[in-house]
Amino acid sequence: MMADRKSLQQHVETLQRLSFKIGPYRPPSEGGSASLLLRVTENCPWNRCTFCEMYKGHRFVYRPVEEIKADIDRAAAIRDEIAAVSWKLGSEGEINRDVAAALIAESRDLIANSSFSVVFNWLSSGGRTAFLQDADSMIMRSPEFVAVLKHLRETLPSLSRVTTYARSRTLSRRRPEELRMIREAGLDRLHIGLETGDDELLALVRKGVTAAQQVEGGRKAIAAGFQVSEYWMPDLGGRERRRRHAENTARVLSAINPHYIRSRPLVPRAGTPLFEEVAQGRLQLSSPHERLEELAWMIGGLEVTSSVCFDHSMNAWADLHGGLLFRRDYEGYRFPQEKPLVLERIREGLAVEEAMHVHVRKLMRVHSL
Ligand code: SF4
């Protein structure tokens, strides 16, 4: 380690000057691994799904490569400042509580500095994973995305996994060689919002993609070597469409056979067209038992070798002992081996009174679990 003549105060002053763009959303599994968050585009290039409030009112921004590279450089500079402080304190480069305490004692403003917080948490968790924001990074021109990924991997060599959100429609339009180039440049995993495999429902919620394009996009991504994580949305079709929604989703997911299948039950969000439909009674949501029946149809129809995950607080159903029906970890249930177990858990949930499921869901919401 080279001699570092800066005082602690000088390090803090430098940290306060350094910042890079961070978007508001990332998948829970990326929070679990304290991924470094970097914004390669801003907001959603589609932004029309009727259930989604995430980027409403914000226009899509295609960021120039040089800007993104400069953000990566600033994240690296923050890393270096924090590491220098660690060495100065005798922690030998380890990023721990002592380092945090010393920095915050020097300036409490650092607590509100999101660039510092994200880099600090990332480093203290080993600095291994990064998540590229926002809603559809694959929209970037392939050579530009490759340049960003190469710079990221060169500048932050501790990374062993880089992931991002992608739309199936965008993936379906990419040539296989483009996808392979992006994969080889260092992008490992794609998080894709499938929501449903039912064409009628896809059109109703204005997802901007067909089931066939979802299959094409997912398969192309897997063929290019990506790990693929597909999210489906129980209850998106409400009571009336739940059977078709479940069966067609199982059909499409089976055709893709992604590495991960993650359940994200519908939550009507204020300000969305779907919220209005529910408020005006045009869309009737399912009861907890009806949602479990829908799950049983979907899970029963899955012919995959995937991990099926319930890693979100909205998957809150009670078991017969008042605990949670499903495991909540990010690796989930291994299919096909654990498919009978998941179906058994659903049968158990159907034997629990609906009021108990409602109670558990409220508890999860109140405690933001
Ligand atoms: S594509 Fe994703 S982020 Fe964009 S509007 Fe639809 S659900 Fe929201």
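Start at 1 and go down the list; that is how both ligands and their atoms are numbered.
In terms of protein heavy atoms, atom 2 (Fe) of ligand 1 is closest to K207 NZ, 4.1 Å. For atom 5 (S) of ligand 1, the nearest protein heavy atom (residue, atom name, distance) is N47 CA, 3.5 Å. Among all protein heavy atoms, the one lying closest to atom 8 (Fe) of ligand 1 is C52 SG, 2.3 Å. The protein atom (non-hydrogen) at minimum distance from atom 6 (Fe) of ligand 1 is C49 SG, 2.3 Å.
Using the six-membered ring where Trp is involved, F326 and F310 have ring planes that are parallel, under 30° apart on the 30 and 60° scheme. Under the 30°/60° scheme for interplanar angles, the aromatic rings of F60 and Y62 are found to stand perpendicular.
The contact set between ligand 1 and A135, taken as ligand atoms under 4.0 Å from a residue heavy atom, comprises 3 (S). Close approach to R48 involves these atoms of ligand 1, each under 4.0 Å from a residue heavy atom: 5 (S). In the vicinity of Y55, heavy-atom distances shorter than 4.0 Å reach the ligand 1 atoms 3 (S).
At a cut-off of 2.8 Å, C44 is counted among the residues with an N, O or S atom near atom 4 (Fe) of ligand 1.
Heavy atoms of Y165 found under 4.0 angstrom from ligand 1: none, in either backbone or side chain. With a 4.0 Å heavy-atom cut-off, ligand 1 is reached by the side chain of R167 but not by its N, CA, C or O.
Side chain of H357 to backbone of G349: a donor-acceptor contact under 3.5 angstrom is found. Of the possible donor and acceptor atoms, none in the side chain of R48 sits under 3.5 Å from a partner among the backbone N and O of G208. At distances below 3.5 Å, not a single donor-acceptor pair connects side-chain atoms of D199 with backbone N or O atoms of T210.
Remark: the N113 side chain and the S19 side chain contain no N/O donor-acceptor pair separated by less than 3.5 Å.
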Apply side chain to side chain donor-acceptor pair (under 3.5 Å) to D136 and T41, showing your working. CA-CA 8 Å; D136 186 16; T41 62; over 6 Å; no
